[in-house]
Amino acid sequence: MIPGARLIILGRQGAGKGTQCVRLSRHYVVPHISTGDMLRAAVREGTEFGVAAKEVMEQGRLVSDDLMVGLVDERLGRLDAASRGYILDGFPRTVSQAKALDDITADRPIHVVIDLDVPRDVVLARILARRVCRDCGTNYTATGAERQPWICDVCGGDVMPRDDDTPDAVNRRLDLYEEQTAPLIEFYGNTDRLVVVDGTLRPDSVFTALTEVIERSR
Ligand code: AMP
């Protein structure tokens, strides 16, 4: 990938976006900008914004477009994103956020939008098995045999389900995806920036497919 590439990875929550984005960001040495991670960091820090976001996230709702656009605008303006490009994960999530992103990036447009496609029933099972380190955010998949909580291999923190991964909240988020985020497929499809990648393959095959799309995109 040529330095400076700007990507969006779309897909249902639990499609494996986060893990693939971390791997892509290490592979290409570009910032991985995850709005979910930014919000969880604000929650951990206990900022006023974090306290408000925590409630919204636990209910499986979306944080307001204004707040999210402000957060992303500030992040994309930092030196690393301007010079190295970036991988956006979890943003945009609504057509209104996508339109605002087009305005923010008018001088340096997004090169490619990848939809990591995994059907709803598959992601539901994956999310309910998802565990995350409270301290460093590393993702794991539970087999059911582990002690609760277990210890993170990376930092020694507690590995637990995310607070917003209850079955009710997960189903609400998947409904929200169909209502609010799925229209982005058409939004980006109409501008010829969209490529669909099958996210049901093995993680290594998905990674290879993603890198092929990214190499072709510039
Ligand atoms: P994620 O880690 O991407 O699954 O995001 C976790 C939660 O953070 C979501 O369920 C939303 O409540 C909130 N969130 C993350 N990104 C956005 C966004 N772009 N717009 C609104 N809410 C968001």
Side-chain angles (χ1 to χ4, degrees), residues 7-22 24-25 31-45 47 49-76 81 86-105 110 113-116 118 120 122-141 159-185 187-188 199:
L7 320 173
I8 296 174
I9 312 277
L10 293 177
R12 292 187 172 81
Q13 286 183 318
K17 276 193 316 300
T19 313
Q20 294 292 347
C21 285
V22 168
L24 288 171
S25 123
H32 166 212
I33 301 182
S34 155
T35 45
D37 285 352
M38 290 161 84
L39 291 171
R40 280 184 288 279
V43 170
R44 277 198 298 275
E45 284 158 19
T47 60
F49 174 59
V51 172
K54 184 175 195 301
E55 200 183 326
V56 174
M57 290 163 78
E58 283 179 0
Q59 290 169 351
R61 294 189 290 123
L62 291 183
V63 176
S64 79
D65 285 342
D66 282 356
L67 285 176
M68 295 312 302
V69 169
L71 201 67
V72 169
D73 191 8
E74 189 274 327
R75 180 64 187 87
L76 297 189
Y86 48 81
I87 302 169
L88 259 181
D89 168 16
F91 185 97
R93 250 186 171 85
T94 64
V95 171
S96 139
Q97 290 180 8
K99 288 181 176 161
L101 181 64
D102 275 348
D103 292 342
I104 293 170
T105 58
I110 302 290
V113 180
I114 300 177
D115 175 30
L116 193 56
V118 180
R120 179 170 175 141
V122 178
V123 293
L124 183 61
R126 283 192 194 172
I127 296 175
L128 294 179
R130 174 163 70 184
R131 301 292 181 268
V132 61
C133 172
R134 286 276 154 140
D135 293 339
C136 71
T138 300
N139 272 304
Y140 295 87
T141 303
V159 177
M160 308 173 78
R162 267 169 44 172
D163 289 338
D164 58 347
D165 277 352
T166 61
D168 273 0
V170 171
N171 270 304
R172 211 168 309 124
R173 292 205 305 265
L174 290 172
D175 288 344
L176 256 183
Y177 175 87
E178 306 305 335
E179 286 162 26
Q180 308 250 34
T181 309
L184 290 177
I185 309 290
F187 179 85
Y188 287 118

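Hydrogens, waters and symmetry mates are skipped; everything else that's a heavy atom, side chains included, is used. In each ligand, atom 1 is the first atom listed, and ligand 1 is the first ligand listed.
The closest heavy-atom contact to atom 22 (N) of ligand 1, among the options Leu101, Val63, Leu176, Leu39, comes from Val63. For atom 9 (C) of ligand 1, the nearest non-hydrogen atom from the set Arg12, Arg172, Gln180, Arg93 comes from Arg93.
Each of the following atoms of ligand 1 lies closer than 4.0 Å to a heavy atom of Arg173: 10 (O). Atoms of ligand 1 found under 4.0 Å from any heavy atom of Met68, numbered from 1 in the order shown, are 16 (N), 17 (C), 18 (C), 19 (N), 20 (N), 21 (C). Taking every non-hydrogen atom of Arg61 and a distance limit under 4.0 Å, the qualifying atoms of ligand 1 come out as 11 (C), 12 (O). Taking a cut-off of under 4.0 Å to the non-hydrogen atoms of Thr35, the atoms of ligand 1 that pass are 15 (C), 16 (N), 17 (C), 19 (N). For ligand 1 and Gln97, the ligand atoms under 4.0 Å from any heavy atom of the residue are 18 (C), 19 (N), 20 (N), 21 (C).
The shortest N/O to N/O separation between Arg130 and ligand 1 does not fall below 3.5 Å. Inclusion of Gly90 in the set of residues having an N or O under 3.5 Å from an N or O of ligand 1 is warranted.
The two residues Leu176 and Arg61 come nearest to each other via the heavy atoms CD1-CA, 3.9 Å. When all heavy atoms of Lys17 and Ile9 are compared, the pair lying nearest together is CD-O, 3.5 Å. When all heavy atoms of Thr35 and Gly90 are compared, the closest pair comes out as OG1-O, 3.1 Å.
The side chain of Gln13, and not its backbone, has at least one atom closer than 4.0 Å to an atom of ligand 1 (non-hydrogen atoms only; side chain from C-beta on). Of the heavy atoms in Arg162, only side-chain atoms (C-beta onward) come closer than 4.0 Å to ligand 1.
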Which atom pairs, one a donor and one an acceptor, fall under 3.5 Å between side chains of residues 51-58 and the rest of the protein, sequence neighbours left out?
from  : atom 1 : to    : atom 2 : distance (Å)
Lys54 : NZ     : Glu58 : OE2    : 2.7

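Checked against Asp165 for a side-chain hydrogen bond (donor to acceptor under 3.5 Å, both in side chains), the options Arg173, Gln13, Arg131 give a single hit: Arg173.
Residue-ligand proximity: Lys17 is placed with every non-hydrogen atom at 4.0 Å or more from ligand 1.
Between Lys99 and Phe187, the closest side-chain pair of non-hydrogen atoms falls below 4.5 Å. Looking at Val123 and Arg130, their side chains never come closer than 4.5 Å, going by heavy atoms from C-beta outward.
Listed by chain and number, the residues in a side chain to side chain donor-acceptor pair (under 3.5 Å) with Asp102 are Arg193 (sequence neighbours excluded).
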